[in-house]
Structures are given as C-alpha cells and as structure tokens.
Protein chains: 2
Amino acid sequence: MTTIRDVAKKAGVSVATVSRYLNGNGYVSKDAEKAVEAAVKELDYEINQVARSLNTKKSNLIGLILPDITNPFFPELARAVEDVALTYGYTVILCNSDENPEKERNYTEQLKKKYIGGFIVISNQLDAPHYTDIKLPIVALDRAINESVPIVSSNNREGAALGTRALLDRGCRNILFLRGPEELNPANDRYEGFMAEIDGADAHFSVLTGPFHFEESEELVESFLKAHPETDGIFASSDVSAAGALKAAHKLGIDVPEDLQIIGFDGISMGEMLSPGLTTVAQDIYEMGAVAARMLIKLIENQPLEERFHEVPVKLIVRGTTRSVRT
Amino acid sequence: MTTIRDVAKKAGVSVATVSRYLNGNGYVSKDAEKAVEAAVKELDYEINQVARSLNTKKSNLIGLILPDITNPFFPELARAVEDVALTYGYTVILCNSDENPEKERNYTEQLKKKYIGGFIVISNQLDAPHYTDIKLPIVALDRAINESVPIVSSNNREGAALGTRALLDRGCRNILFLRGPEELNPANDRYEGFMAEIDGADAHFSVLTGPFHFEESEELVESFLKAHPETDGIFASSDVSAAGALKAAHKLGIDVPEDLQIIGFDGISMGEMLSPGLTTVAQDIYEMGAVAARMLIKLIENQPLEERFHEVPVKLIVRGTTRSVRT
DNA sequence: ATATTTTGTGTAACCGGTTACACACACCAG
DNA sequence: CTGGTGTGTGTAACCGGTTACACAAAATAT
C-alpha cells in the first residue's frame with residue numbers, strides 16, 4: 001500500500017504539502033501541485049480513510065436506524081437515503097432496530113466509536129437518552145417527538161383529511177377507519193385528520209385500533225364487516241392494512257369498489273399490484289428520505305439548515321378500490 | 001475522550017498491558033487484570049475502533065452489494081445479513097448497485113479504503129475485475145458466476161421443476177412460462193428446471209422472456225392471454241411477474257384459479273396479500289442471507305469453510321391461485 | 001545448583017494520515 | 001532601507017490504538 005510518504009518522496013516535497021494538496025487547503029505552489037499530481041497518478045495512491053478519520057474524528061459514514069427494512073415502507077426510504085449519501089460521498093450503515101431502544105442504543109454506541117457522522121432515525125423513542133445525549137447530528141424521519149431534533153415527515157393530518165374526503169365524495173356513508181397503533185405519531189395525526197374531516201359530515205363511522213400488519217388487519221376487518229355489513233367505505237391508515245381489508249372483503253365476497261370502497265395510506269408500490277389497484281393517499285417516500293439525508297449531511301458539514309421541520313406533501317392516487325366521484 | 005493511556009495511568013500499568021487485557025492475548029497477571037478492569041469501569045473507557053482499525057487493517061464492516069433494496073426480494077435478505085452481522089459484532093453497509101458495474105466498482109474501491117472486511121454480493125458481474133482482483137473475502141448470493149467465489153443460492157432448477165409439476169398435477173395443459181431476463185443466472189436455472197419437467201409431459205407450453213417487473217409482466221401477459229385464450233396455467237419465475245400475470249387475468253375477467261392457475265417463484269411476503277393469495281415456489285430468503293453472512297464472517301476471520309457452495313431448499317406454498325390436485 | 005522455559009511487563013516504534021509552528025522568500029508601503 | 005503581509009514549504013508532534021522486542025522474575029528441567 002502506498003502512503004502519503006511515498007507520494008511525498010516521489011514528488012520531492014514533504015508530506016504536509018501532499019496533504020495540503022489532497023485536501024485543498026493551505027498554500028501549494030503550481031509546481032508542487034503538478035509534482036504531487038504526477039506522483040499520485042504514478043503510484044496509484046489512494047488516501048487511507050481510516051488514518052484520516054483518526055485525525056479528523058470524522059468518517060463519511062451515516063447511520064440509518066429504522067424499525068425493520070422488511071416493512072415495505074422502508075426500502076424506498078433507505079434507497080433515497082443511500083442515493084443522496086452517495087452523491088455527497090457518504091456511506092450508509094443499515095440498522096434494524098425492531099423499535100427496541102436497547103438495540104438502538106447499541107447501534108449509536110457502536111457507531112460513535114467509528115466516528116460516524118450522524119444518524120437518520122425512524123423511531124418512537126427519540127427522547128431516549130441515547131439520542132438526546134448523543135452530541136451527534138440526527139434527523140428524524142416520519143415521526144417527531146423531540147423538539148430539538150430536525151424532522152421530515154409527510155403532512156399526515158392533511159393526507160388523512162384528503163382520503164376521508166375522497167371516500168365521502170364517492171358516496172360512502174358508513175366508514176370504517178383503521179387507525180393503526182396508538183403509540184405511533186403519524187397514526188395519531190392521521191386519526192386527527194380523519195376525525196376533523198368526518199366531523200360534521202353526513203356519515204356514520206367506526207374506528208378500529210390495530211397494528212399495521214396484514215394478517216391482523218385482515219382478521220380485524222373480516223369480523224367487523226360480518227358484524228357491520230352496511231359498511232361502504234374503509235380508510236386504512238396504512239397500505240398494508242388496506243391490503244388486509246381488501247383481502248377480507250374478497251373473502252366475504254364483497255364487491256370492491258361497488259359495495260365497499262377502500263383507501264390506503266403510504267403509497268408503497270405493492271398498492272398497484274393488488275386487484276383492484278389500491279387507491280391510496282401516497283406519501284412521497286423517496287423525497288422524504290432524500291430530504292432527510294440532505295439535511296443530515298448539512299448538519300454534519302456545519303452548514304446552516306433553512307428549516308428544522310420539513311413537511312412533504314401527500315397526494316391521492318386513485319386506482320381501482322374506489323368508484324368515480326358522485327356529482 | 002478517554003484513551004488507553006488514561007486507563008494505563010489510572011491502573012498503574014503500561015498501555016501494552018491494557019491492550020493485551022482488552023484483546024485477551026499475551027500474558028496479563030490477575031492483579032493487572034483487576035486493576036485495568038477497575039480503571040476501565042471508572043473511566044467509562046471505550047475502545048476507539050478507528051485507531052484500532054488503523055493498526056489491524058481490519059474493521060468490523062461488511063458491505064452488502066445488491067441491485068436495489070426497493071426490489072421486494074432484497075429487504076428480507078438484507079435483514080438476515082444484518083441480523084447475523086450484528087450477533088458477530090459486524091456492521092453492514094448498504095450498497096445499491098442498480099446492476100451497474102461502475103457503481104459496484106466505486107463501492108468496492110471506497111470501502112477498501114475503510115478496511116472493510118468483505119462483501120456479500122448479488123450481481124451478474126461477479127467476474128468483473130473489481131471482484132476478481134479485490135483480495136478481500138466475498139460471498140455471492142443468489143447468482144453464481146465465478147468459480148472461485150463461494151456462493152449461496154436456492155435450488156432454482158429443482159424449484160422450477162416443482163412449480164411446473166404442481167401446475168401439471170392440477171390439470172394445466174396449456175402453460176405459459178415467464179422466463180425472466182436472459183442474462184440472469186437464476187432465471188436460466190429456473191428455465192432449465194421448467195424445460196426438464198415439461199419435456200415429455202402431455203401439455204403445450206410457451207415461454208416469454210421479459211424483466212422481473214410488474215407492469216411489463218402485466219402487459220406481456222395481457223397480450224399473450226388475448227392471443228392465447230386457451231392458456232390454463234402460468235408459471236412465473238418471479239412473484240412480481242406472477243402478480244403482473246394475476247392482474248392481467250383480472251383485467252381480462254379470467255377466473256383465477258378456475259380457468260387459469262398461476263404460480264410464482266420467490267416467496268416474498270407480498271404473495272399472500274394478493275387476492276387470491278399467490279401460490280409460489282418459495283425460497284427461504286432469510287436463510288439465504290443468514291448463511292451468506294455466516295460464510296463471509298468465517299472467511300473474514302480465517303476460519304475454514306465447510307462448503308463453498310450452499311444450496312438452500314425451496315418449497316411450494318399453495319395458496320389461492322391454484323386449484324386442488326386432480327387425482 | 002544451574003540452565004531453560006514460562007510468565008509478566010514496559011518502552012517505543014508503528015499504522016497513515018493532519019496540522020501547528022517555524023522559517024524562508026517575495027512583494028509592497030512608508 | 002526597514003517592517004509588514006502574503007505565499008510556500010518542511011519538521012515533527014499528534015490522533016489512539018497494537019505489537020516487536022527487551023528484560024526480569026518465577027517456574028521447571030537437568
């Protein structure tokens with residue numbers, strides 16, 4: 001392995017000059033620049049990032065802490081983070097936390113020892129000490145808790161209102177809202193958005209609390225529909241739950257969208273693979289990840305942040321689980 | 001930040017002794033051990049991994065190079081790799097290659113400068129110089145090319161035969177095989193498996209080549225079914241393609257599984273969310289990732305490998321897109 | 001009793017960079 | 001002509017670990 005000293009020797013200058021040339025700081029004469037350039041090329045020199053990190057106490061590593069990459073919402077997010085990281089010369093470490101604070105803490109501790117630059121975190125435990133005490137840049141994604149941590153999220157409230165209105169506009173008068181877990185911030189915002197919109201509307205509604213899981217949602221909806229056959233609209237606050245609802249409807253022989261309309265929330269790609277295609281309130285998942293990554297990198301590089309709270313707009317994607325609007 | 005020298009001073013020993021204690025090599029007396037232990041605890045000392053790496057030329061980093069985490073096949077794989085890595089004290093770096101050799105090369109180069117331990121690679125370019133010349137442990141996943149690289153994959157041939165037989169057993173006599181991309185090794189193996197099984201069977205068949213993408217598959221199948229309404233079975237060599245086929249069938253008003261039976265390949269979780277649930281030849285995706293990670297770590301730690309070629313069995317998961325077996 | 005091996009420890013070089021500081025020289029102002 | 005500023009460069013300390021080597025004491029062999 002060629003070192004900076006080899007380069008210095010070959011170029012006939014000191015290591016300091018080579019280092020200055022490499023980092024583009026301090027004075028380097030044109031002559032020296034040329035000589036170093038040539039030596040670098042000739043020796044095929046590549047800087048040793050580890051040695052560099054040891055001095056600068058920086059690495060171009062960023063950590064992405066998320067509950068579970070297996071959840072279809074996260075891969076696109078991860079992809080966005082990785083894409084942006086790459087363009088800025090950063091590398092991303094994947095951390096599946098399972099929402100387990102102990103695992104999260106373990107990651108933050110381990111990675112601090114590697115001089116990691118910062119973290120993008122999707123967690124409900126953002127007020128846990130391993131985040132508040134970390135002294136490292138953090139950007140929260142999707143879920144806010146701690147005021148001091150910059151966050152990017154969707155406009156969940158507005159999105160839920162949008163979805164609810166879509167159901168009402170399409171004639172639904174007996175609506176089931178699948179609320180999602182109570183401890184989940186975005187789920188709560190969506191709930192509020194739903195309530196705000198349904199309130200005063202000429203419609204009955206029910207709310208079911210449950211996890212964002214396919215099978216549980218399917219079972220939940222199946223028994224609900226059996227007990228409440230008059231239900232003509234379901235708004236699920238996640239696409240996976242909506243898929244469960246759709247499956248339940250199929251199982252019961254209910255015609256979607258003629259007798260029951262379904263709208264999901266998230267905009268994951270699976271939505272279009274269902275039959276009928278899932279109408280959904282789509283988040284711009286990629287954009288969320290990309291914005292978060294850019295924010296984090298700005299923080300790491302000590303650049304000013306224009307905003308500590310970035311809200312990404314949502315939009316309704318109309319597919320087959322809803323009818324056309326009644327006029 | 002407390003350093004090893006602080007610990008040494010507090011414990012009244014030399015840094016060498018502390019280092020030996022920390023790494024569990026060389027001689028350390030009971031007394032010294034106790035003193036160091038106490039000092040470590042008192043000072044809350046944590047070893048600096050970067051400084052350590054600089055000497056040992058090792059980091060507990062492993063790279064996971066895959067085409068695109070957004071493809072539903074990969075998250076589970078990534079999850080498995082990460083889980084295993086974690087238990088062995090390794091950290092995984094996520095690299096989306098888009099099957100682009102240049103991007104792959106970029107990653108391998110960049111990460112070598114960080115003394116990365118090795119790579120798990122899912123790529124068709126395994127014979128590219130950045131892999132053959134890398135001098136770092138590599139394990140190939142899913143796709144073999146280079147003899148010298150250990151690999152873990154599913155038994156694709158056998159799986160395809162299994163799926164084909166399932167279709168035949170269920171009465172299909174006009175079978176469409178969705179072959180997948182020609183440059184893809186597993187797709188070719190599946191093709192061979194299909195051919196081996198269909199050969200000699202009392203059935204007509206067609207083969208369509210196309211990417212493993214939902215929309216393309218849907219369009220492809222739609223036009224095929226229009227031209228060949230007698231088709232009574234589709235074997236797609238990926239679940240995503242199968243989902244496209246199912247969607248096309250629905251669009252054309254074909255009853256699945258009564259008039260057309262569909263079997264996919266992969267066993268991704270989306271399969272059960274479809275209606276009807278997708279019958280599929282399931283790979284044990286998690287197991288594949290886990291085995292690959294364990295193999296890589298063995299290589300990194302210079303432990304002997306029992307096998308350089310690990311084949312994970314597949315199994316047929318029967319759901320709603322197939323009928324019961326004719327007897 | 002002496003020779004040899006094993007155990008235990010410390011000093012200092014080293015991994016491969018960065019950078020504070022000292023110094024030299026050129027240029028310009030007064 | 002002197003002093004100040006800007007430019008260019010090298011030496012050596014430093015980042016925080018690991019480890020080769022030297023050496024001493026204890027244990028064991030002869």
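Labels below follow one simple rule: chain letters A, B, ... track the order of the sequence lines, proteins then strands, and each chain is numbered from 1. The figures that follow rest on heavy atoms only: side chains count, while hydrogens, waters and symmetry mates do not.
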- Message: Could you report the tightest heavy-atom contact between Ala8(B) and Ser14(B), atom names first, then the distance?
- Response: CB-C, 3.7 Å
- Message: Could you walk me through whether Asn23(A) and Arg52(A) satisfy the side chain to side chain donor-acceptor pair (under 3.5 Å) test, starting with their C-alpha distance in whole Å, then the side-chain angles of each, then the deciding distance to 0.1 Å, before giving a yes or no?
- Response: CA-CA 11 Å; Asn23(A) 294 293; Arg52(A) 192 163 198 276; 2.5 Å; yes
- Query: For dG10(C), does OP1 or OP2 lie under 4.0 Å from any side-chain N or O of Ser14(B)?
  - Reply: yes
- Task: Examine dT7(C): is either OP1 or OP2 under 4.0 Å from a nitrogen or oxygen in the side chain of Tyr27(B)? Give yes or no.
- Result: yes
- Item | Ile62(B): which of Ile93(B), Val92(B), Thr91(B) passes side-chain contact (heavy atoms from CB on, under 4.5 Å) |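 Only one option passes, and that is Val92(B).
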Backbone N or O of [Y] within a donor-acceptor pair of the [X] side chain at under 3.5 Å?
X         : Y         : answer
Glu183(A) : Asn124(A) : no
Ser53(A)  : Lys58(A)  : yes
Asn155(A) : Glu311(A) : no

- Message: For the helix from dA1(C)-dT30(D) to dG30(C)-dC1(D), what angle separates the axis at the start from the axis at the finish, each from five pairs, in steps of 10°?
- Response: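 The angle separating the two end axes equals 40°.
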If I take atom [atom1] in residue [X] and atom [atom2] in nucleotide [N], what distance separates them, rounded to the nearest angstrom?
X         : N       : atom1 : atom2 : value
Tyr115(A) : dG16(C) : OH    : P     : 18 Å
Leu54(B)  : dC14(D) : CG    : P     : 17 Å
Lys57(B)  : dG16(D) : NZ    : P     : 19 Å

Under 3.5 Å, N/O pairs linking protein and nucleotides 17-19 of chain C:
from: dG17(C); atom 1: OP1; to: Tyr45(A); atom 2: OH; distance (Å): 3.1
from: dG17(C); atom 1: OP2; to: Ile4(A); atom 2: N; distance (Å): 2.6
from: dG17(C); atom 1: O5'; to: Tyr45(A); atom 2: OH; distance (Å): 2.8
from: dG17(C); atom 1: N7; to: Arg5(A); atom 2: NH2; distance (Å): 2.5
from: dG17(C); atom 1: O6; to: Arg5(A); atom 2: NH2; distance (Å): 2.8
from: dG17(C); atom 1: N2; to: Asn55(A); atom 2: OD1; distance (Å): 2.4
from: dG17(C); atom 1: N2; to: Asn55(A); atom 2: ND2; distance (Å): 3.0
from: dG17(C); atom 1: N3; to: Asn55(A); atom 2: ND2; distance (Å): 2.8
from: dT18(C); atom 1: OP1; to: Asn23(A); atom 2: OD1; distance (Å): 3.3
from: dT18(C); atom 1: OP1; to: Asn23(A); atom 2: ND2; distance (Å): 2.9
from: dT18(C); atom 1: OP1; to: Arg52(A); atom 2: NE; distance (Å): 3.0
from: dT18(C); atom 1: OP2; to: Ser19(A); atom 2: OG; distance (Å): 2.5
from: dT18(C); atom 1: OP2; to: Asn23(A); atom 2: ND2; distance (Å): 3.4

- Does Arg143(A) pair with Glu99(A) as a salt bridge, N-O distance under 4.0 Å? yes
- Item | Residues Asn48(B) and Tyr115(A): side-chain donor-acceptor under 3.5 angstrom | yes
